[in-house]
A.B. asks: 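One structure is given below, represented as C-alpha cells, and several questions about it will come after.
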Amino acid sequence: MSSPPGGFEVPLWRALTVFRLASLAYVCALAVRDADRYAHPFLVGALVLVMMAWTAATAIGYARPAWRRWPLLLADLGVVMALVLATPWVVGRAALAAGVPTLGVAWMAGPVLAWAVSGGRRRGTVAALLVAGADLATRERIGQSSFTGVILLLLAGVVVGHVARLAVTAEERLQRAVELEAATRERERLARGIHDSVLQVLALVQRRGAHLPGEAGELARLAGEQEAALRALIAGAAPVGDAVPAGDAGRGGTDVADAGAVDLRTLLGRYASPAVSLSAPATPVPLPRRKAGELAAATGAALDNVGRHAGGRAWVLIEDEGETVTVSIRDEGPGIPDGRLAEAAAQGRLGVTQSIRGRVADLGGTVRIVSTPEAGTEIELTVPRADR
C-alpha cells in the first residue's frame, strides 16, 4: 500500500505542534514568575495571549498540507520576529540587563522548525539566521550566552531540515518500490497467461509443421521464431527460475475474482482421464476461489509436462492437511536430467517458473520437485488455506 503524498512528514508537523505548545507553556510559566520585574506587565500579558492565539492558528494551518505554503510560513516568521523585537520595550532593558529572559525564549524556534520541515536544511538555516538576528538586536550587550542561542537555532534548522529531507526521499523511494512491485507482479501474471495459451499454440505449430514442405513448413518456421522471441521477452520480464523443455505449457486457469470458496476436487476433477488417476478426500476441500483456480492451473501445467515429456500415466493426489492443502503429481517417465531445468530457463522456457512455481509462490505456497532418472518425477504443490 502506498503512502499518501507527504505522509512521512506528518509526524514531523505534529511534533512541531507539540513543541510549540510545550514552549508556550514554558513562556507562560516565566511570565508568571517574572511579572513583577517587567516594565509593562499588562503588555507582556497581552503579548502572551497573542502567542497563544498564534500557536493555535499555526497548529491548525500546518495540519493542512495545502496551507503549508509561503503565505503561512512568512506570516509565522513575521509574527515571531515582531514579538521578539517588542521584548526590550515591554520587558524593559533594565530587566533584561538584570537577567530576565526574553519574551520569546524557546517559543521563537517555532518558525525555524516549520521552515526546516517544509524546505530542508537551507530554508531552516535562513529562518534561524533571521530569528537569531532579531533576538540579538534586542540585547544591549552580546555575550557568550547570546551566541549559544544562535548556535542552537542554527543546529535546530539544519538537523530538522536534514531529517525532513530524508523523510521525503524515503517516501519517494518507497512509492517507486511499491509501483515497481505492482508492475512486476502484473508482468508475471501476464507472462503466465501467455505461456498457457499463445506459446502452447506456437510450439504445437512449430512441431507439427517442421517437416512439411512448402508454405506449411515456412509457417512452422515462423511460428518457431515467434515462440523463441516471445519466450525471450517473457524471460526478460520474469524472475529467473526453473523451467521445463520446449513445448511445455499449462492448461490454463482463469484469474477469477477472489470471492467465496470452491471445492478443489471439482476443479481438479476435469483432469481425470484414463491416463490421469485422481485421488481425493471423501469430504470437500474448500479453498478461496482465486487460490483454488491458480492451484488447479498449476496442476494442469504439471500434467501438460507429463503428457509432453513423460508419456504414460500420471497420478494426482489431493491432501487436505487443515492449514495447508497439498496436490502431488507423479509420473513414471524418464525423469528430468540434472541441469535440464536451469538450461531450459536460460532458453526462456518458463513452464515450471511461471505456470507452476510462479502461481504457487503468489499464493504463499511452495513447490517441491523430486525427479529420478528413468524412475519418474513427482511435483508437490503446497499452499496455505488462509490468505496471508
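Note that these values count all heavy atoms, side chains included, but never hydrogens, waters or copies made by symmetry.
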A.B. asks: In Å, rounded to the nearest 0.5 Å, how long is the span from CG of Asn305 to CG of Asp331?
C.D. replies: 9.5 Å
A.B. asks: Is the side chain of Arg37 donor-acceptor paired with the backbone N or O of Arg33 at a distance under 3.5 Å, no angle test?
C.D. replies: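 Checked: no pair found.
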A.B. asks: How close do Pro111 and Ala127 get, counting heavy atoms only, and between which atoms?
C.D. replies: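 Minimum heavy-atom separation between Pro111 and Ala127: O-CB, 4.2 Å.
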A.B. asks: When hydrophobic residues are tied together by side-chain contacts of less than 4.5 Å, even through go-betweens, does Tyr38 share a cluster with Val90?
C.D. replies: yes
A.B. asks: Look at Arg368 together with Glu380 and state whether they make a salt bridge at an N to O cut-off of under 4.0 Å.
C.D. replies: yes
A.B. asks: Measuring from atom CG of Leu153 to atom CE of Met108, what distance do you get when rounded to the nearest 0.5 angstrom?
C.D. replies: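 Between Leu153 CG and Met108 CE, I get 5.0 Å after rounding to 0.5 Å.
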A.B. asks: Report the C-alpha distance between Thr102 and Thr87 in whole Å, list the side-chain angles of each, state the deciding distance to 0.1 Å, and finish with yes or no for side-chain hydrogen bond (donor to acceptor under 3.5 Å, both in side chains).
C.D. replies: CA-CA 6 Å; Thr102 59; Thr87 296; 5.5 Å; no
A.B. asks: Report the distance from atom CG of Leu212 to atom CD of Glu218, rounding to the nearest 0.5 Å.
C.D. replies: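 Here the interatomic distance stands at 12.5 Å.
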A.B. asks: Over 60° means perpendicular and under 30° means parallel, so classify the ring planes of Trp70 and Trp115, tilted if in between.
C.D. replies: perpendicular
A.B. asks: So Glu179 and Gln175, side-chain hydrogen bond (donor to acceptor under 3.5 Å, both in side chains) or not? Walk me through it.
C.D. replies: CA-CA 6 Å; Glu179 293 172 355; Gln175 183 67 24; 3.2 Å; yes
A.B. asks: Does Thr17 reach the main-chain N or O of Trp13 with its side chain, forming a donor-acceptor pair under 3.5 Å?
C.D. replies: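 Side chain of Thr17 to backbone of Trp13: a pair is present.
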A.B. asks: Flag yes if Val91 and Trp89 sit in one hydrophobic cluster, no otherwise; membership is Ile, Leu, Val, Met, Phe, Trp, Tyr, and two members link when side-chain heavy atoms are under 4.5 Å apart.
C.D. replies: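 Same cluster: Val91 reaches Trp89 through Ile, Leu, Val, Met, Phe, Trp or Tyr contacts under 4.5 Å.
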A.B. asks: Walk me through whether Leu24 and Met51 qualify under side-chain contact (heavy atoms from CB on, under 4.5 Å).
C.D. replies: CA-CA 7 Å; Leu24 178 62; Met51 294 167 69; 3.9 Å; yes
A.B. asks: In this structure, are over 12 heavy atoms from other groups packed under 6.0 Å from His162 atom NE2?
C.D. replies: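 Atom NE2 in His162 is not crowded, with 12 or fewer foreign heavy atoms closer than 6.0 Å.
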A.B. asks: For Arg165 and Glu9, work out which heavy atoms get closest and say how close.
C.D. replies: NH2-OE2, 3.5 Å
A.B. asks: Side-chain heavy atoms under 4.5 angstrom apart, residues restricted to Ile, Leu, Val, Met, Phe, Trp, Tyr: same cluster for Leu154 and Leu136?
C.D. replies: yes
A.B. asks: Is any NZ, NE, NH1 or NH2 atom of the basic residue among Asp76 and Arg20 found under 4.0 Å from an Asp or Glu carboxylate oxygen of the other?
C.D. replies: yes
A.B. asks: Evaluate the side-chain proximity of Met52 to Cys28: yes if any heavy-atom separation is below 4.5 Å, no if none is.
C.D. replies: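 In short, these two side chains touch, coming nearer than 4.5 Å.
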A.B. asks: Going from NZ on Lys291 to CG on Asp362, what distance comes out if it is rounded to the nearest 0.5 angstrom?
C.D. replies: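 Those atoms lie 11.0 Å apart.
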A.B. asks: Do Val100 and Val27 sit in one hydrophobic cluster, given that two such residues count as connected whenever their side-chain heavy atoms are within less than 4.5 Å of each other, even indirectly?
C.D. replies: yes
A.B. asks: Evaluate the side-chain proximity of Leu103 to Val84: yes if any heavy-atom separation is below 4.5 Å, no if none is.
C.D. replies: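 Answer no - side chains too far apart.
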A.B. asks: Treating Asp263 as the side-chain partner and Val285 as the backbone partner, does any N or O pair qualify as donor plus acceptor under 3.5 Å?
C.D. replies: yes
A.B. asks: With the 4.5 Å side-chain cut-off for hydrophobic clustering, are Leu47 and Leu49 part of the same group?
C.D. replies: yes
A.B. asks: Please tell me if the side chains of Leu83 and Trp107 come closer than 4.5 Å, counting only heavy atoms from C-beta onward.
C.D. replies: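 In contact.
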A.B. asks: Quick one, Thr169 and Arg173 - any side-chain contact, counting heavy atoms below 4.5 Å?
C.D. replies: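 Thr169 reaches Arg173 side chain to side chain.
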A.B. asks: Which distance, rounded to the nearest 0.5 Å, do you find between the OG1 of Thr138 and the CG of Leu85?
C.D. replies: 7.5 Å
A.B. asks: Could you work out, with side chain to side chain contact (heavy atoms under 4.5 Å, CB included) as the rule, every residue matching Val158, not counting sequence neighbours?
C.D. replies: Arg121, Thr125
A.B. asks: Within a strict 4.5 Å, meaning less than it, do heavy atoms of the Thr377 and Val370 side chains meet?
C.D. replies: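 No, too far: nothing below the 4.5 Å cut-off.
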A.B. asks: Looking only at heavy atoms, what is the nearest atom pair of Leu303 and Ala314, with distance?
C.D. replies: CD2-CB, 4.0 Å
A.B. asks: Within a radius of less than 6.0 Å around CZ of Arg93, do more than 12 heavy atoms belonging to other residues, nucleotides or ligands occur?
C.D. replies: yes
A.B. asks: So, for Ala39 and Gly92, which heavy atoms are closest and what is the spacing to 0.1 Å?
C.D. replies: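 In terms of heavy atoms, the two residues are closest at CB-CA, 3.8 Å.
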A.B. asks: Could you check Tyr271 against Val316 for side-chain contact (heavy atoms from CB on, under 4.5 Å), going step by step and ending with a plain yes or no?
C.D. replies: CA-CA 9 Å; Tyr271 298 122; Val316 178; 5.9 Å; no
A.B. asks: Can you see whether Thr324 engages Glu321 through a side-chain donor-acceptor pair at a distance of less than 3.5 angstrom?
C.D. replies: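 Yes, because at least one side-chain N or O of Thr324 sits under 3.5 Å from a partner of the opposite role on Glu321.
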A.B. asks: Could you check whether Arg313 makes a cation-pi contact with Trp315, meaning its NZ or CZ is under 6.0 Å from the centre of the six-membered ring and within 45° of the ring axis?
C.D. replies: yes
A.B. asks: Atom OG of Ser118 and atom CG of Leu113: how far apart are they, to the nearest 0.5 Å?
C.D. replies: 10.5 Å
A.B. asks: Any side-chain heavy-atom pair from Thr326 and Leu381 closer than 4.5 angstrom?
C.D. replies: no
A.B. asks: Let's go through Leu174 and Glu171 carefully: what are the C-alpha distance in whole Å and the side-chain angles of both, what is the deciding distance for side-chain contact (heavy atoms from CB on, under 4.5 Å) to 0.1 Å, and is it a yes or a no?
C.D. replies: CA-CA 5 Å; Leu174 175 62; Glu171 182 179 14; 5.7 Å; no
A.B. asks: Within the 4.5 Å heavy-atom criterion, are Leu12 and Val160 side-chain neighbours or not?
C.D. replies: no
A.B. asks: Step by step, work out the salt bridge (Lys or Arg N to Asp or Glu O under 4.0 Å) result for Glu323 and Arg385.
C.D. replies: CA-CA 5 Å; Glu323 294 185 357; Arg385 169 168 272 111; over 6 Å; no
A.B. asks: Walk me through whether Leu30 and Val105 qualify under side-chain contact (heavy atoms from CB on, under 4.5 Å).
C.D. replies: CA-CA 9 Å; Leu30 292 180; Val105 200; 3.8 Å; yes
A.B. asks: Hey, is the main chain of Val117 close enough, under 3.5 Å, to the side chain of Arg123 for a donor-acceptor pair?
C.D. replies: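 No: the side chain of Arg123 does not pair with the backbone of Val117.
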A.B. asks: If you compare all heavy atoms of Ala298 against all heavy atoms of Arg359, which two are closest, and at what distance to 0.1 Å?
C.D. replies: N-CD, 3.9 Å
A.B. asks: Flag the pair Leu264 / Val327 as yes when at least one side-chain heavy-atom distance between them is below 4.5 Å, and no otherwise.
C.D. replies: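 Yes, their side chains come closer than 4.5 Å.
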A.B. asks: Determine the minimum heavy-atom distance between Ala223 and Val205, stating which atoms define it.
C.D. replies: CB-CG1, 3.7 Å
